[in-house]
There are 2 protein chains.
Amino acid sequence: MAQTDGAADIDRTFMALALEEAEAAAARGEVPVGAVLVDGSGAVLARAGNRVEADADPTAHAEVLVIRAAGAARGRPRLPDTTLYVTLEPCVLCVGAIAFARVGRLVFGADDPKGGAVVHGPQFFTQPTCHHRPAVVGGIAAERSAELLRAFFRARR
Amino acid sequence: MAQTDGAADIDRTFMALALEEAEAAAARGEVPVGAVLVDGSGAVLARAGNRVEADADPTAHAEVLVIRAAGAARGRPRLPDTTLYVTLEPCVLCVGAIAFARVGRLVFGADDPKGGAVVHGPQFFTQPTCHHRPAVVGGIAAERSAELLRAFFRARR
C-alpha cells in the first residue's frame with residue numbers, strides 16, 4: 001500500500017469530498033458514508049452519500065449510487081479506468097458492485113470490522129469466486145470517517 | 001430443507017415465473033437470470049430479469065431489481081415478510097441486497113460454483129458479518145435454469 005506523496009495528497013483531496021457526502025448523509029438521518037468516483041484524468045464522475053432511507057432502497061449505499069450514476073452517464077456497466085473513494089470499508093453488497101463494475105482502484109477510510117467485506121468477513125477480493133480485484137488502499141482519513149459514524153450512532157442510542 | 005408437498009408446489013409455481021423472466025432476459029441479450037419477490041399472502045410484489053446491459057448498471061441483477069422495486073412501492077427498505085425466488089444461486093452483490101432487505105426466505109434454482117455466494121465462495125449467510133440470514137431452499141427447477149445459462153453462453157462462444 002506504499003504510495004508516493006503526490007498520490008497520497010490526491011487521495012486525501014478526493015476523500016475530503018467523500019467525507020462531505022458522508023456529512024450530508026448524516027444530516028438527512030442516513031448512516032454517514034460517502035463516496036466519490038473519479039476517472040483516470042481525475043474528473044469526478046459521481047458523488048453520493050447513503051440514501052437507503054430516503055429512497056427506501058436497501059441497496060442505495062454510497063458506493064452503489066456512484067457506480068450506477070457513472071454507468072448510466074456513460075452508457076456502459078463497466079468502469080475499469082475509475083478510482084472509487086469511500087469513507088468506510090465496503091460491505092458485501094458494495095464489494096460485489098465494485099467487482100462487477102471492474103473499478104480499477106478502491107480507496108477507503110475507516111475499517112468496518114462489523115460489516116466490512118474487504119479486509120474483514122468474507123474478504124471478497126481474495127475469494128476464488130471474485131473475478132475482478134481492484135488495487136486497494138485503506139486508512140485514508142479513517143479517523144474523521146469513524147468519528148462521523150460514532151457520533152451518528154451515539155445520537156441514536 | 002425438507003418441505004411439505006404443498007409448499008414445494010407453491011415454490012415451483014413462483015419459480016416458473018422467475019424462469020419466464022430469465023427467458024426474457026436471454027432474449028434481450030442479458031445473462032438469463034430471473035427473480036420474483038412474493039409477500040406473505042402469496043402476492044407478487046415484483047418480477048424482473050437481469051438488466052445489466054440494458055440499464056448500463058452493473059448492479060441491475062434480477063434480485064436487486066425486485067428488491068428495489070418492492071422497497072420503492074412500499075416506501076420501506078426492509079421487506080421481512082417476503083420470499084425471493086431466483087433461478088440461480090445469488091452472487092455476492094445479491095446476498096448483500098437480500099440481507100440488507102431482511103428478505104425472510106430465499107428459494108433458488110441452479111447452484112453457481114463460479115459466482116455463487118450462498119453455498120459457494122464466501123457463503124455469506126454463514127459469516128459473522130452477516131446480520132440477517134433468510135431461510136434458504138435451493139435446487140428448485142435447477143435443471144431448466146442451468147440449461148438456459150448453458151444455451152446462452154454456448155451461443156456467445
Side-chain angles (χ1 to χ4, degrees), chain A residues 30-31 50-61 63-80 82 89-103 111-132, chain B residues 30-31 50-61 63-80 82 89-103 111-132:
Chain A
E30 303 275 355
V31 175
N50 255 339
R51 295 189 57 85
V52 168
E53 304 300 330
D55 294 351
D57 178 355
T59 74
H61 290 195
E63 302 94 312
V64 167
L65 294 175
V66 295
I67 286 170
R68 272 190 198 138
R74 288 183 165 185
R76 292 197 307 269
R78 285 161 287 273
L79 306 160
T82 59
E89 180 188 348
C91 74
V92 66
L93 171 80
C94 293
V95 294
I98 290 164
F100 288 118
R102 309 281 190 265
V103 168
D111 274 22
D112 183 7
K114 284 190 186 165
V118 178
V119 293
H120 294 94
Q123 301 184 16
F124 180 61
F125 299 132
T126 70
Q127 295 275 349
T129 54
C130 176
H131 306 300
H132 171 81
Chain B
E30 304 274 356
V31 175
N50 256 338
R51 294 189 57 85
V52 168
E53 305 299 332
D55 294 352
D57 178 355
T59 74
H61 290 193
E63 303 94 310
V64 166
L65 294 175
V66 295
I67 286 170
R68 292 180 73 195
R74 286 183 167 184
R76 293 197 306 270
R78 285 161 287 274
L79 306 160
T82 58
E89 180 188 349
C91 75
V92 66
L93 170 80
C94 293
V95 294
I98 290 164
F100 287 119
R102 308 280 190 269
V103 167
D111 274 22
D112 183 6
K114 284 190 187 167
V118 178
V119 293
H120 294 94
Q123 302 184 15
F124 180 61
F125 299 133
T126 70
Q127 295 275 349
T129 53
C130 176
H131 306 300
H132 171 80

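Only this structure's heavy atoms are used, side chains among them; waters, hydrogens and symmetry mates stay out.
In terms of the side chain to side chain contact (heavy atoms under 4.5 Å, CB included) criterion, residue partners of B:Arg76 (sequence neighbours excluded) are, by chain and number, B:Arg74.
Contact count versus chain B (heavy atoms, under 4.5 Å) is highest, among A:Ala99, A:Pro113, A:Ala101, A:Cys130, for A:Ala101. The candidate from A:Pro77, A:Cys94, A:Gly96, A:Cys91 with the greatest count of non-hydrogen atom pairs under 4.5 Å with chain B is A:Pro77. Taking chain B as the reference chain and counting heavy-atom pairs below 4.5 Å, the highest number among A:Arg102, A:Lys114, A:Arg68 is found for A:Arg68.
Of all heavy-atom pairs between B:Leu65 and B:Ala60, the closest is CD1-O, 3.6 Å.
Only the side chain of A:Arg78 comes within less than 4.5 Å of a heavy atom in chain B; its backbone stays farther off.
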Under 3.5 Å, which donor-acceptor pairs do the side chains of residues 116-125 of chain A form with other protein atoms, sequence neighbours left out?
| from | atom 1 | to | atom 2 | distance (Å) |
| --- | --- | --- | --- | --- |
| A:His120 | ND1 | A:Glu89 | OE1 | 2.7 |
| A:His120 | ND1 | A:Glu89 | OE2 | 3.4 |

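A 4.5 Å side-chain heavy-atom check between B:Ile67 and B:Leu79 finds at least one atom pair inside the cut-off.
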